[in-house]
Amino acid sequence: GFLVGNFIWCCSTAGKQSLSNNWIDHEFKNTRGELGNWCWHTAMLLELGWAPKNAYLLAGKSITKNWISNWSARLAQTPLIDATPQEGDWLLNDRYDLINQAILTPSHQSKIALLKEISNYYWSRSQTTSQWWIQLIFNMLFWLIGLLALIAVLALALPLISLIGMMTGGF
């Protein structure tokens, strides 16, 4: 049933689109890499002359993690009073977070430079964490499916062997 269902899904429109979009990279992308992407997009838009609120909103739309997109949309709608957001609007509720410091940087050029540095930092940190555990998960799944198949074969074969032995007068 699993193989037939998997084959049907792979042939469906959603399956083809998911497979063509590298679903592993999309679904298992870690938060650091996504925050790096958000910082890079924001810095790029600010460099092009966009207003910070519009840059935050558009950068949030390019991110696959919903909570980062939602936070970015809230950030674009939040009026910054004396360059200090409300307590609930801090990313991860940490006012000393690097991204919060970049947002609060008053100079436009400093904000761009800081966001680029943060994106490089997050990307370098995500490279070491995003690859090994995906490989580990697939190896564990491979062995788990093999073990379940072995148990299923034994569950079917052992009673048959016992029955054949009783019929032939063995055992």
Side-chain angles (χ1 to χ4, degrees), residues 5-6 8-145:
N6 191 24
I8 291 171
W9 179 80
C10 287
C11 292
S12 70
T13 305
K16 287 178 184 176
Q17 181 181 4
S18 181
L19 291 173
S20 67
N21 288 341
N22 192 0
W23 68 273
I24 295 171
D25 188 40
H26 174 75
E27 294 297 326
F28 293 112
K29 192 173 276 187
N30 66 23
T31 301
R32 286 186 189 126
E34 286 291 287
L35 289 173
N37 291 343
W38 184 88
C39 290
W40 183 83
H41 281 106
T42 303
M44 179 187 66
L45 293 169
L46 291 174
E47 249 180 346
L48 292 173
W50 286 54
K53 289 186 178 201
N54 294 334
Y56 301 150
L57 185 63
L58 189 60
K61 290 181 180 180
S62 68
I63 301 301
T64 58
K65 297 275 187 191
N66 287 336
W67 71 270
I68 298 174
S69 295
N70 294 338
W71 169 80
S72 187
R74 279 196 328 268
L75 179 66
Q77 296 172 353
T78 303
L80 298 178
I81 302 169
D82 298 326
T84 306
Q86 302 298 321
E87 188 66 34
D89 294 321
W90 293 103
L91 181 62
L92 303 176
N93 293 325
D94 181 5
R95 69 179 61 221
Y96 301 108
D97 184 79
L98 293 172
I99 296 176
N100 290 325
Q101 293 304 311
I103 290 169
L104 296 176
T105 302
S107 165
H108 194 71
Q109 292 302 322
S110 298
K111 186 179 295 212
I112 292 169
L114 190 53
L115 284 169
K116 285 182 178 180
E117 287 298 316
I118 292 170
S119 68
N120 289 332
Y121 172 73
Y122 278 136
W123 285 338
S124 67
R125 294 280 305 198
S126 71
Q127 289 300 317
T128 58
T129 59
S130 66
Q131 295 170 359
W132 69 269
W133 66 272
I134 291 175
Q135 294 170 352
L136 179 67
I137 288 173
F138 283 113
N139 284 334
M140 289 175 55
L141 284 174
F142 174 79
W143 288 107
L144 181 65
I145 290 171

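Owing to the predicted nature of the structure, the values given are computational and were not obtained by experimental measurement. This chain uses plain numbering: 1 for the first residue, then up along the sequence.
A heavy-atom distance below 4.5 Å is not found between the side chains of N120 and W40. The shortest side-chain heavy-atom distance between L46 and H108 falls under the 4.5 Å cut-off. Proximity of W71 to I99: side-chain heavy atoms (C-beta onward) are separated by under 4.5 Å at one or more points.
A distance of 6.5 Å separates CG in L144 from CG in L141, rounded to the nearest 0.5 Å. Atoms CH2 and CD, on W67 and E34 in that order, are 9.5 Å from each other to the nearest 0.5 Å. Considering CG of N37 and CD1 of I63, their distance stands at 5.0 Å, rounded to 0.5 Å. Atom CG in L58 sits 7.5 Å away from atom CE in M44 (nearest 0.5 Å).
Shown here for K111 and T105, the closest heavy-atom pair between the two residues is CE-O, 3.1 Å. Residue S119 comes nearest to C39 through the heavy atom pair CB-CB, 3.9 Å, listed as atom of the first residue, atom of the second, then distance. A pairwise comparison of heavy atoms in L98 and I118 identifies O-CD1, 3.2 Å as the closest pair. In this structure, A76 and L57 approach most closely via the heavy-atom pair CB-CB, 3.9 Å.
Looking at T42, its side chain does come within 3.5 Å of a backbone N or O of W38 through a donor-acceptor pair. A donor-acceptor pair under 3.5 Å is formed between the side chain of S72 and the backbone N or O of Y56.
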